[in-house]
Undergrad: 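Got a structure here, written out as structure tokens. Questions coming.
Just so it is clear, the model here is predicted, and its values are computed rather than measured.
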Amino acid sequence: MKRALFLSLAVVMVLSLALAGCTQPAPPQAPTQVPAGPTEVPPLDISVVTDATWPPFEMVNETTKGLEGFDIDLMNAIAKEANLKINWVNIGWDALLAGMATGQYDASISVITITEDRKKDMLFSDPYYDAGQLIAVRIDNNDIKGPADLKGKVAGAQLDTTGDIEIGKIDGAKRKPYDDVGQAILDLINGQIDAVVADSPLIRGYVAKNASKIKSVGEPFTEEYYGIAVRKGGEAILARINAGLKAVKDQGLIEQLSDTWVKTAE
Ligand code: ARG
């Protein structure tokens with residue numbers, strides 16, 4: 001009798017346990033880890049415009065005819081981080097500024113100085129590099145020592161760049177705008193103009209290549225920050241670019257690209 005009761009109790013217990021197993025929710029699973037990085041955001045195609053006439057940041061490789069330079073490497077690295085697929089467009093500086101203002105292109109990397117004026121026409125990423133305007137003169141010129149000495153002199157710059165804008169601010173300086181800054185350097189070497197005003201890394205690169213003909217004078221006289229431009233309304237693209245930029249900055253890419261492109265050119 002005792003034994004029979006025990007057995008039936010045991011059966012009831014086993015049954016109720018089995019039933020409980022059926023109705024009880026499954027134990028919570030460990031959350032599946034979402035991998036960080038490119039797979040977080042869906043891929044996106046964007047057009048990126050540059051004016052590849054500006055060594056060592058954006059140029060056309062003479063042999064491969066492909067784009068190369070600091071900016072090209074930087075933007076490609078950002079794209080990889082942010083899962084962006086770049087459709088590169090190479091156009092002149094003026095068309096670049098106009099195209100960005102009208103939303104013809106999604107973004108632009110072209111050592112664009114972040115200015116209040118340009119912010120009316122386009123969005124800017126966080127800054128990625130700082131430079132300033134520097135003056136180049138012929139090697140035998142000893143009268144031009146700084147911006148004020150450009151009074152009465154012909155100073156060349158790429159049209160509508162910050163160099164060109166700075167020349168316009170110097171009292172009595174004769175502005176000579178060019179579509180291509182390389183042509184301004186040639187004209188300086190050939191004695192057509194007295195000076196060229198442009199971003200310090202570009203000037204230093206040309207001076208290094210033509211050290212017997214031209215020199216830079218003094219130190220950079222402006223403080224400028226380069227940003228990646230994004231068309232107005234492209235806030236989502238801008239957010240991805242900024243996130244990608246932050247990631248590659250954290251990896252030390254800016255220093256690495258400075259070593260590869262800027263230091264070797266100077
Ligand atoms: N930093 C200067 C500016 O924003 C020069 C830019 C010229 N860039 C170029 N790729 N041509 O005006």
Side-chain angles (χ1 to χ4, degrees), residues 46-80 84 86-100 105-114 125 127-136 156-164 177-190 193 196-211 213-216 220 224-229 241 245 248 253-266:
I46 59 162
S47 52
V48 178
V49 66
T50 191
D51 167 24
T53 63
W54 201 270
F57 286 86
E58 44 264 342
M59 349 30 129
V60 175
N61 181 293
E62 275 164 30
T63 334
T64 66
K65 306 288 174 220
L67 294 174
E68 64 175 17
F70 182 115
D71 279 353
I72 311 301
D73 285 353
L74 175 63
M75 196 63 212
N76 282 331
I78 291 171
K80 213 170 157 201
L84 297 166
I86 299 180
N87 172 23
W88 284 102
V89 182
N90 179 19
I91 55 168
W93 177 250
D94 242 25
L96 179 154
L97 290 179
M100 286 310 297
Y105 307 101
D106 292 312
S108 177
I109 189 158
S110 208
V111 290
I112 307 174
T113 301
I114 303 169
S125 73
Y128 65 88
Y129 198 87
D130 47 315
Q133 296 305 302
L134 192 58
I135 303 170
Q158 188 179 38
L159 175 70
D160 285 345
T161 57
T162 44
D164 187 29
Y178 288 82
D179 285 333
D180 185 331
V181 75
Q183 188 57 48
I185 297 282
L186 282 179
D187 276 7
L188 173 65
I189 293 171
N190 297 332
I193 58 176
V196 172
V197 180
D199 302 20
S200 46
L202 176 126
I203 292 289
R204 289 191 178 121
Y206 274 114
V207 165
K209 275 208 199 107
N210 303 278
K213 298 173 185 137
I214 55 172
K215 63 184 177 188
S216 65
E224 300 181 22
Y225 297 91
Y226 298 155
I228 298 161
I241 289 177
L245 176 60
V248 300
L253 187 68
I254 301 294
E255 289 75 20
Q256 205 179 302
L257 293 179
S258 299
D259 287 345
T260 310
W261 293 105
V262 187
K263 298 226 169 76
T264 53
E266 287 182 359

Undergrad: Looking only at heavy atoms, what is the nearest atom pair of S125 and I241, with distance?
TA: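 Shortest heavy-atom separation between S125 and I241 comes out as CB-CG2, 4.2 Å.
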
Undergrad: Residues in salt bridge (Lys or Arg N to Asp or Glu O under 4.0 Å) with D164, at least two apart?
TA: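 Once residues adjacent in sequence are excluded, the partners of D164 under the salt bridge (Lys or Arg N to Asp or Glu O under 4.0 Å) criterion are R175.
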
Undergrad: List for me each residue that meets side-chain hydrogen bond (donor to acceptor under 3.5 Å, both in side chains) alongside Y105, sequence neighbours excluded, and say none if there are none.
TA: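 Not a single residue meets the side-chain hydrogen bond (donor to acceptor under 3.5 Å, both in side chains) criterion with Y105.
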
Undergrad: Taking all non-hydrogen atoms of both residues, which atom of P55 and which atom of Y206 are closest, and how far apart?
TA: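 Where P55 meets Y206 most closely, the heavy atoms are CG-OH, 3.8 Å.
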
Undergrad: Judged by modelled atom types alone, do Q133 and S200 share a side-chain donor-acceptor pair under 3.5 Å?
TA: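 Distance-only check fails for Q133 and S200.
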
Undergrad: Going from CD1 on I91 to OG1 on T53, what distance comes out if it is rounded to the nearest 0.5 angstrom?
TA: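 It is 11.0 Å, given to the nearest 0.5 Å.
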
Undergrad: For residues P201 and V262, report the shortest heavy-atom separation together with the two atoms involved.
TA: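 Heavy atoms of P201 and V262 come nearest at CB-CG1, 4.1 Å.
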
Undergrad: With sequence neighbours excluded, tell me which residues meet salt bridge (Lys or Arg N to Asp or Glu O under 4.0 Å) with K213.
TA: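 With neighbours one apart ignored, the set is empty.
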
Undergrad: For a 4.5 angstrom cut-off between non-hydrogen side-chain atoms, does V181 reach L202?
TA: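 V181 vs L202: side chains touch.
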
Undergrad: Applying the side-chain contact (heavy atoms from CB on, under 4.5 Å) criterion to L97, which one of L159, V49, D160 satisfies it?
TA: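 By the side-chain contact (heavy atoms from CB on, under 4.5 Å) criterion, L97 pairs with just one of L159, V49, D160: D160.
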
Undergrad: Looking at A229 and I112, what are the two nearest heavy atoms and their distance?
TA: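 Scanning both residues, the minimum pair turns out to be CB-CD1, 3.9 Å.
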
Undergrad: What pairs meet the salt bridge (Lys or Arg N to Asp or Glu O under 4.0 Å) rule with one or both residues in residues 254-266, with sequence neighbours excluded?
TA: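 For residues 254-266, and leaving out neighbouring residues, the salt bridge (Lys or Arg N to Asp or Glu O under 4.0 Å) pairs sorted by first residue read D259-K263.
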
Undergrad: Is any side-chain heavy atom of E224 less than 4.5 Å from a side-chain heavy atom of P127?
TA: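 Of all side-chain heavy-atom pairs linking P127 with E224, none is under 4.5 Å.
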
Undergrad: How many angstroms lie between atom CG of L96 and atom CE of M100, to the nearest 0.5 angstrom?
TA: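 Taking CG in L96 and CE in M100, the distance rounds to 7.0 Å.
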
Undergrad: Name all residues meeting the side-chain contact (heavy atoms from CB on, under 4.5 Å) criterion together with E68; count only those two or more places apart in sequence or in a different chain, and write none if there are none.
TA: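 side-chain contact (heavy atoms from CB on, under 4.5 Å) check on E68 returns M59, N61, W261.
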
Undergrad: Please examine the side chains of I189 and N210, heavy atoms only from C-beta on, and report whether any two atoms are closer than 4.5 Å.
TA: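 Yes; the side chains approach each other to less than 4.5 Å.
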
Undergrad: Using atom types as modelled and distance alone, determine if a side-chain donor or acceptor of T113 lies under 3.5 Å from a backbone N or O of Y225.
TA: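 No.
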
Undergrad: Can you list the residues that meet the side-chain contact (heavy atoms from CB on, under 4.5 Å) rule with V207, with sequence neighbours excluded?
TA: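 Per chain and number, V207 pairs via side-chain contact (heavy atoms from CB on, under 4.5 Å) with I203, I214, S216.
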
Undergrad: I want to check something: taking the side chain as every heavy atom from C-beta on, are V197 and L134 in contact at a cut-off of under 4.5 Å?
TA: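 Not in contact.
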
Undergrad: Kindly write out the residues that satisfy side-chain hydrogen bond (donor to acceptor under 3.5 Å, both in side chains) with Q158, not counting sequence neighbours, or none if the list is empty.
TA: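 Only D51 meet the side-chain hydrogen bond (donor to acceptor under 3.5 Å, both in side chains) criterion with Q158.
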
Undergrad: CG/L245 to CG/L74 distance, rounded to the nearest 0.5 angstrom?
TA: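 Atom-to-atom, L245:CG and L74:CG are 6.0 Å apart.
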
Undergrad: In chain order, what residues pass the ring pair (Phe, Tyr, Trp, His ring centres under 6.0 Å) check against Y129, with sequence neighbours excluded?
TA: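 Scan of Y129 (ring pair (Phe, Tyr, Trp, His ring centres under 6.0 Å), adjacent residues dropped) gives F57, F70, Y226.
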
Undergrad: I need the I228 CD1 to S110 OG distance, nearest 0.5 Å.
TA: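 These two atoms lie 11.5 Å from each other.
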
Undergrad: When rounded to the nearest 0.5 angstrom, what distance separates CD1 in I78 from CG in D73?
TA: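 It comes to 11.0 Å.
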
Undergrad: Among residues two or more places apart or on two chains, list those pairs meeting side chain to side chain donor-acceptor pair (under 3.5 Å) that have a residue in residues 86-100.
TA: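 Found N76-W88.
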
Undergrad: Taking only residues two or more places apart in sequence, or in another chain, which ones meet D199 in a salt bridge (Lys or Arg N to Asp or Glu O under 4.0 Å)?
TA: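 D199 satisfies salt bridge (Lys or Arg N to Asp or Glu O under 4.0 Å) with no other residue.
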
Undergrad: In Å and rounded to the nearest 0.5 Å, what is the OG1 to CD distance from T64 to E62?
TA: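 T64 OG1 to E62 CD: 10.0 Å, rounded to 0.5 Å.
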
Undergrad: Are any non-hydrogen side-chain atoms of I193 and Y178 less than 4.5 angstrom apart?
TA: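 Yes, close enough: below the 4.5 Å cut-off.
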
Undergrad: Report the residues that fulfil side-chain hydrogen bond (donor to acceptor under 3.5 Å, both in side chains) with N190, sequence neighbours left out, ordered by chain and then residue number.
TA: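 With sequence neighbours excluded, N190 shows a side-chain hydrogen bond (donor to acceptor under 3.5 Å, both in side chains) to no residue whatsoever.
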
Undergrad: Please name all residues satisfying side-chain hydrogen bond (donor to acceptor under 3.5 Å, both in side chains) with K215, sequence neighbours left out, ordered by chain then number.
TA: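 Checked K215 against side-chain hydrogen bond (donor to acceptor under 3.5 Å, both in side chains); matches are N142.
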
Undergrad: Which pair of heavy atoms, one from W54 and one from A198, lies closest together, and at what distance?
TA: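 Looking at all heavy atoms of both residues, the shortest contact is CH2-CB, 4.1 Å.
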
Undergrad: Please report the closest heavy-atom contact between I109 and E58, naming both atoms and the distance.
TA: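 That would be O-OE1, 3.9 Å.
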
